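Predicted model only: the values in this text are computed from it and were never measured. Numbering starts at 1 and runs along the sequence shown. Whatever order the structure lists ligands and atoms in, that order sets their numbers, starting from 1.
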Amino acid sequence: MRTLLFQDRKGFIKYLIGCGILITEYILTNLAIAEIAGVVQTRSMDDLLKYSIFALFAFIYAALIFIASRLLRIGFMRDTTLRIRMEAFKNIMTKTTRSFNRKLRNEYISNLVNDINTFEGKYFHALLNLFFGASIYSVSLLILFYLDYRLALMMLLVSLGVFFINRSFQKRTIKMQEEVQRSNEAFTVNVSNTFSGLEILKLNRIEDRFLLNSMKETDRLERRKANYFIFTFWQGRFSNFLGFITTILILYYVISTAEEGFDLARLMFTFSMASSTIWPITEIMPLFNVLKSNATIIENILKRDEDSEKTDEVMQYAFDRDIEIRNLSFSYEDKIVLKDANLKIEKGKKYLLKGSSGAGKSTLINLLSKVHEHYQGEILVDGVNLKQIREDSFNEHASFIYQDVFLFEDTIRNNIALFREYPEAEMENAVKGAGLKSLLEKKEQGLSEVIEENGKNLSGGERQRISIARAIIRKPQILFADEVTSALDETLGRHVEDTILSLDTTVIAISHRFYKGVSEKYDYVIEIVNGGITLKTMEAYLEGVQYE
Ligand SMILES: Nc1ncnc2c1ncn2[C@@H]1O[C@H](COP(=O)(O)OP(=O)(O)OP(=O)(O)O)[C@@H](O)[C@H]1O
């Protein structure tokens, strides 16, 4: 947090000055009030006029200084919040897929929106009051040392006592703020799930149940927020109470030590300076806890995780010969998926991945894609351990086609090129290869036609073809296809499968469909049975398989 605050030194100094100048109006106003009260003792009309004019100037000065303070502070607050937002966003975007997947997407959204908004609302308010209180405290204490050093020493001791009492609340405050953060995440995830599945909820008439869940989540969030508010409020009130008792004692001290013919203005100023050493302390100590809890939340959001900092991933993905799986064992906690499995994938060949539901087909693709790394055995790409290969290099050279295609609300061209520049001939080739020509002919603006939100204005087959075009244009060294044709009709599925099999790259495809006259083009069939992997040529596989 400190690094973030000090990153813009100039802005921070301006911010400090903005907070600091408020003290001058505070002292001046207190002095003016004390002097006017002193007139009660002197009964001089000249003094009354003099100090009234002084007080008037003090009040005008206070108004002007407040505007100046705000102008000095505002830029730094805005820039720091913006920097935090950008850092948090960058932190999420640079995560490895592995570490990104550890949290739900909506939890990240909650961090970026709710937590940073809470921070923006609370942190700077607390910081301003903390600086303001701290400067009132130190300047008042200094003046008090000049006016009455014994009283100053007593106030110093009392303030230390209040400091330690408040510190004892710190852990609980941070814990409660973290609970609010977790509730915010759960709330965002719940609402987002409800909205994403609203259609199916309505069709099955279970929206009321989900609404009830959302209400429960909202209730929990609001209760936690209220608990946090009540706890910090009572911390403040408790501190104020300590301040109140101390003020009575100061008054007692000031009255009992006043000598005959005392100067009322000086006595009032001494009293107000002594009170000014205790009130700010009672106000700022709970603020320390608010600052600390908000800073902890932001530090958690900005924390780089170990996976993203990995330094042993130094090699490039270069698949020119083969990928070898050696004695590979992998399990999800207690569910064993692969046991001592071996396989060799040759460059340019087409592999059909088979196995019953839950056998581990997607898991194998994930293992070959660096999604999971806590496995035993080795995966070697041209002899290089996959764990040592950089994730960005793998992503550069691998392509994926899934059953669900994600499309951006942008032109068909940008959805194929994924916002990169390609020569027109390569775009042509991808469009042709993916069988998109007829679609483009129907569209008035061709490749510049804008796709509606996630491809609402396209059919399932057209969406699938765009994702195939994406794969073709990238010229991947390896292509993974997962149940690409399962939602398509026979003719379309056959065509899509044929297109994938005609690509000039290594293909590993999971497919439950078998299209006679097309699927035979696979070179090999990989089968996963009871954690083991077997490899057969398509011919050998077909000898044991009946198909229509
Ligand atoms: N993230 C996960 N955590 C725990 N278990 C998982 C996880 N992902 C998958 N599994 C389990 O691991 C096993 C293999 O799953 P996987 O998705 O690889 O199977 P699959 O062969 O692709 O199945 P399908 O054909 O039904 O898609 C299954 O029993 C599944 O329940």
Side-chain angles (χ1 to χ4, degrees), residues 95-108 185-186 189 192-193 196-197 200 305-308 323 325-343 345 350-379 386-387 391 394 398-406 460 463-464 467 471 478-488 493 496-497 500 506-515 519 522 524-536 538 541 544-545 547:
K95 276 181 190 297
T96 60
T97 315
R98 240 179 350 265
S99 85
F100 178 78
N101 285 339
R102 280 195 203 117
K103 259 170 88 166
L104 298 172
R105 280 144 186 72
N106 294 317
E107 288 178 1
Y108 292 116
E185 286 177 356
V189 169
S192 166
N193 281 346
S196 310
I200 195 152
D305 51 25
E306 281 171 22
D307 251 4
S308 306
I323 298 174
I325 290 177
R326 280 195 202 152
N327 308 107
L328 185 68
S329 298
F330 175 80
S331 34
Y332 294 105
E333 284 157 15
D334 50 356
K335 163 86 190 159
I336 297 171
V337 182
L338 292 174
K339 227 165 88 188
D340 225 6
N342 292 284
L343 176 72
I345 295 159
K350 313 286 187 275
Y351 294 82
L352 179 62
L353 185 46
K354 304 288 282 180
S356 57
S357 177
K361 301 180 291 297
S362 304
T363 305
L364 180 62
I365 288 188
N366 286 340
L367 285 162
L368 291 168
S369 318
K370 287 178 74 69
V371 173
H372 307 301
E373 294 222 317
H374 55 285
Y375 54 80
Q376 279 94 54
E378 283 179 318
I379 301 175
L386 186 63
K387 285 184 184 172
E391 190 186 84
F394 168 80
S399 271
F400 293 83
I401 308 179
Y402 297 106
Q403 185 182 330
D404 295 321
V405 182
F406 180 79
R463 285 206 293 267
Q464 206 54 267
S467 79
I478 188 160
L479 171 69
F480 298 98
D482 192 349
E483 295 285 6
V484 177
T485 55
S486 61
L488 308 180
V496 165
E497 186 101 338
I500 291 174
T506 311
V507 174
I508 301 182
I510 301 175
S511 178
H512 288 303
R513 299 273 183 95
F514 199 96
Y515 300 106
S519 301
Y522 281 102
Y524 295 101
V525 176
I526 302 167
E527 264 191 298
I528 306 179
V529 182
N530 297 331
I533 297 180
T534 57
L535 183 71
K536 287 180 187 155
M538 182 47 99
Y541 175 76
V545 169
Y547 60 90

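For N530, the side-chain contact (heavy atoms from CB on, under 4.5 Å) test picks out no residue, with sequence neighbours left out. Qualifying salt bridge (Lys or Arg N to Asp or Glu O under 4.0 Å) partners for K536, counting only residues two or more places apart in sequence or in other chains: E527. Listed by chain and number, the residues in a side chain to side chain donor-acceptor pair (under 3.5 Å) with Y402 amount to none (sequence neighbours excluded).
The aromatic rings of H374 and F330 sit tilted relative to each other, their planes meeting at an angle between 30° and 60°.
Contacts of ligand 1 (protein heavy-atom distance under 4.0 Å) are Y332, K335, V337, S356, S357, G358, A359, G360, K361, S362, T363, H512.
Note that K387 lies in the cation-pi zone of Y375, set by a 6.0 Å cut-off to the ring centre and a 45° limit from the axis.
For the atom pair L328 CG and L343 CG, the distance stands at 9.5 Å (nearest 0.5 Å).
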